[in-house]
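For reference, the structure discussed in these notes is given below.
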Amino acid sequence: MVTAATRVAAVIGDPVRHSLSPAIHNAAFAAAGLDWVYVAFEVPAGRAADAVRAMDVLGIDGLSVTMPHKADVAAAVDSCTPDALALGAVNCVVRRHGRTTGHSTDGDGFLWGLQDDLSVDPSGLRCVVLGAGGAARAVVRSLAGAGAASVAVVNRTEERAVRAAALAGPVGTVAGPGSVADADLVVNATPVGMGDDGGLPLDPDLLGPGQVVVDLVYHPATTPLLEAAAARGARTGNGLPMLVGQAAAAFTLWTGEAAPVRAMAAAASAAH
Ligand code: NAD
């Protein structure tokens, strides 16, 4: 039951009404027996700094941040972790003793999902990441941090690809679409294939057995890319495990407790 003592966490974004985060986090609080509640605030572009300031006056202890606010929140918090600083993006804010800290849990969420869903450890793998936006940047950095042999970024705009590849340090490169054929792990971090757009972010004939293909898109659950990859013998996974993984990391940052990940994954699947 929500009472006057219930602690509050929230997501800010626009749009945000479709967000699965309230279902995932409220299931987590219930499973852990914590007197917390999680709500969604539709905050228009340009107002993220106001939302971060509101955390203090309203006593909001945790914030998830989604489009279009991740960069604005990085600039609005009192301090950022090295990951958030490197990415210039924050997806999770912790408020403690009146100070806000910006974190980026997308990379850890991605790695957790890779392991939990597909039992894949990227150490030593040749990886190709499609896209150079916020999600791609987090994935590129996390793959390099996990010991990938190479992380090649494929993107329409080369300049953005160069900046994203730099996040992988010496193992980061910029590559063309053909590089997919030699990859062990291919990650789609573009929105191509989302909803009913039906698009493919690459030529599926470059894919085959022995490869792992992950689509960060999770709506639909089986994107055209995943369908085409599976048909050619690749192992596939969608973006839902990453969503659960980044939420689990946020839960632990806010509450200091281990996240009830199975309850969170079940809630994500049920709400999906
Ligand atoms: P973004 O706008 O920051 O970046 C999108 C990238 O895709 C850019 O590099 C852009 O050049 C590229 N792109 C866009 N349209 C393209 C097209 N038609 N062809 C080729 N490239 C194209 O977006 P983002 O926040 O990085 O999100 C990217 C995708 O990842 C979205 O579908 C989002 O829903 C998904 N995502 C999933 C999770 C998760 O937890 N599963 C987390 C974050 C983002």
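Counting starts at 1 for both ligands and their atoms, following the listed order. Here, residue 1 is the first one in the sequence, and each next residue gets the next number.
At a 4.0 Å heavy-atom cut-off, ligand 1 touches Leu243 through backbone and side chain alike. At a heavy-atom cutoff of 4.0 Å, ligand 1 is contacted by the side chain of Tyr218 but not by its backbone. Residue-level proximity to ligand 1 for Ala189 is carried by the backbone, the only part with a heavy atom below 4.0 angstrom. At a 4.0 Å heavy-atom cut-off, ligand 1 does not touch Gln246 at all. Contacts between Asn155 and ligand 1, counted as non-hydrogen atom pairs separated by less than 4.0 Å, involve the side chain only.
Protein heavy atom closest to atom 37 (C) of ligand 1, with residue, atom name and distance, is Leu216 O, 3.3 Å. Among protein heavy atoms, atom 33 (C) of ligand 1 sits closest to Met194 SD, 4.7 Å. Distance from atom 42 (C) of ligand 1 to its nearest protein heavy atom, with residue and atom name: Met242 CE, 3.8 Å. Of all protein heavy atoms, the one lying nearest to atom 26 (O) of ligand 1 is Ala135 N, 2.7 Å. If you check which protein heavy atom lies closest to atom 41 (N) of ligand 1, you get Gly239 O, 2.8 Å.
A donor and an acceptor atom, one from each side chain of Asp106 and Asn91, are located under 3.5 Å apart. Between Ser64 and Tyr38, the side chains place a donor N or O and an acceptor N or O closer than 3.5 Å (distance only, hydrogens not considered).
Evaluated by nearest non-hydrogen atom to atom 13 (N) of ligand 1, the leading choice among Arg156, His219, Lys70 is Arg156. With distances taken over non-hydrogen atoms, the option nearest atom 7 (O) of ligand 1 out of Pro191, Ala164, Gly133 is Pro191.
Ligand-side atoms of ligand 1 in range of Val217: 32 (O), range being under 4.0 angstrom from any heavy atom. Near Val192, meaning under 4.0 Å from one of its heavy atoms, ligand 1 places the atoms 16 (C), 17 (C), 18 (N), 19 (N). Counting the atoms of ligand 1 from 1 in the order shown, those under 4.0 Å from a heavy atom of Gly134 are 3 (O), 26 (O). Residue contact check: Gly131 has heavy atoms under 4.0 Å from atoms 9 (O) of ligand 1.
Within the 3.5 Å criterion, the main-chain N or O of Ala175 finds no donor-acceptor partner in the side chain of Ser179. Judged purely by atom type and a 3.5 angstrom limit, Arg95 has no side-chain atom pairing as donor or acceptor with the backbone of Gly62. Of the possible polar contacts, one joining the Asp197 side chain to the Gly193 backbone as a donor-acceptor pair under 3.5 Å is found. No donor-acceptor distance shorter than 3.5 angstrom exists from the side chain of Asp116 to the backbone of Trp112, with no hydrogens or angles considered.
Residues Leu185 and Val187 form a side-chain contact, since some pair of their non-hydrogen atoms from C-beta on lies under 4.5 Å apart.
For Ala132, a nitrogen or oxygen atom sits less than 3.5 Å from a nitrogen or oxygen atom of ligand 1, counting backbone and side chain alike. Between Leu240 and ligand 1, a contact under 3.5 Å exists for no N or O pair. Checking only distances, Met67 never comes within under 3.5 Å of ligand 1, N or O to N or O.
Using a 4.0 Å threshold on non-hydrogen atoms, atom 22 (C) of ligand 1 counts as touching the protein. Note that atom 2 (O) of ligand 1 has no protein non-hydrogen atoms nearby, at separations under 4.0 angstrom.
Between His25 and Trp254, the ring center distance clears the sub-6.0 Å criterion.
Counting non-hydrogen atoms of neighbouring residues, nucleotides and ligands closer than 6.0 angstrom, the CD atom of Glu227 reaches no more than 12 such neighbours. For CZ of Arg47, the number of neighbouring non-hydrogen atoms (other residues, nucleotides, ligands) closer than 6.0 Å is 12 at most. No more than 12 heavy atoms of other residues, nucleotides or ligands shown are found within 6.0 angstrom of CG on Asp196.
Minimum interatomic distance between Asp83 and Ser104 (heavy atoms only, all atoms of both residues): OD2-O, 4.3 Å. Considering every non-hydrogen atom in both Leu20 and Ala271, the closest pair reads CD2-O, 3.5 Å.
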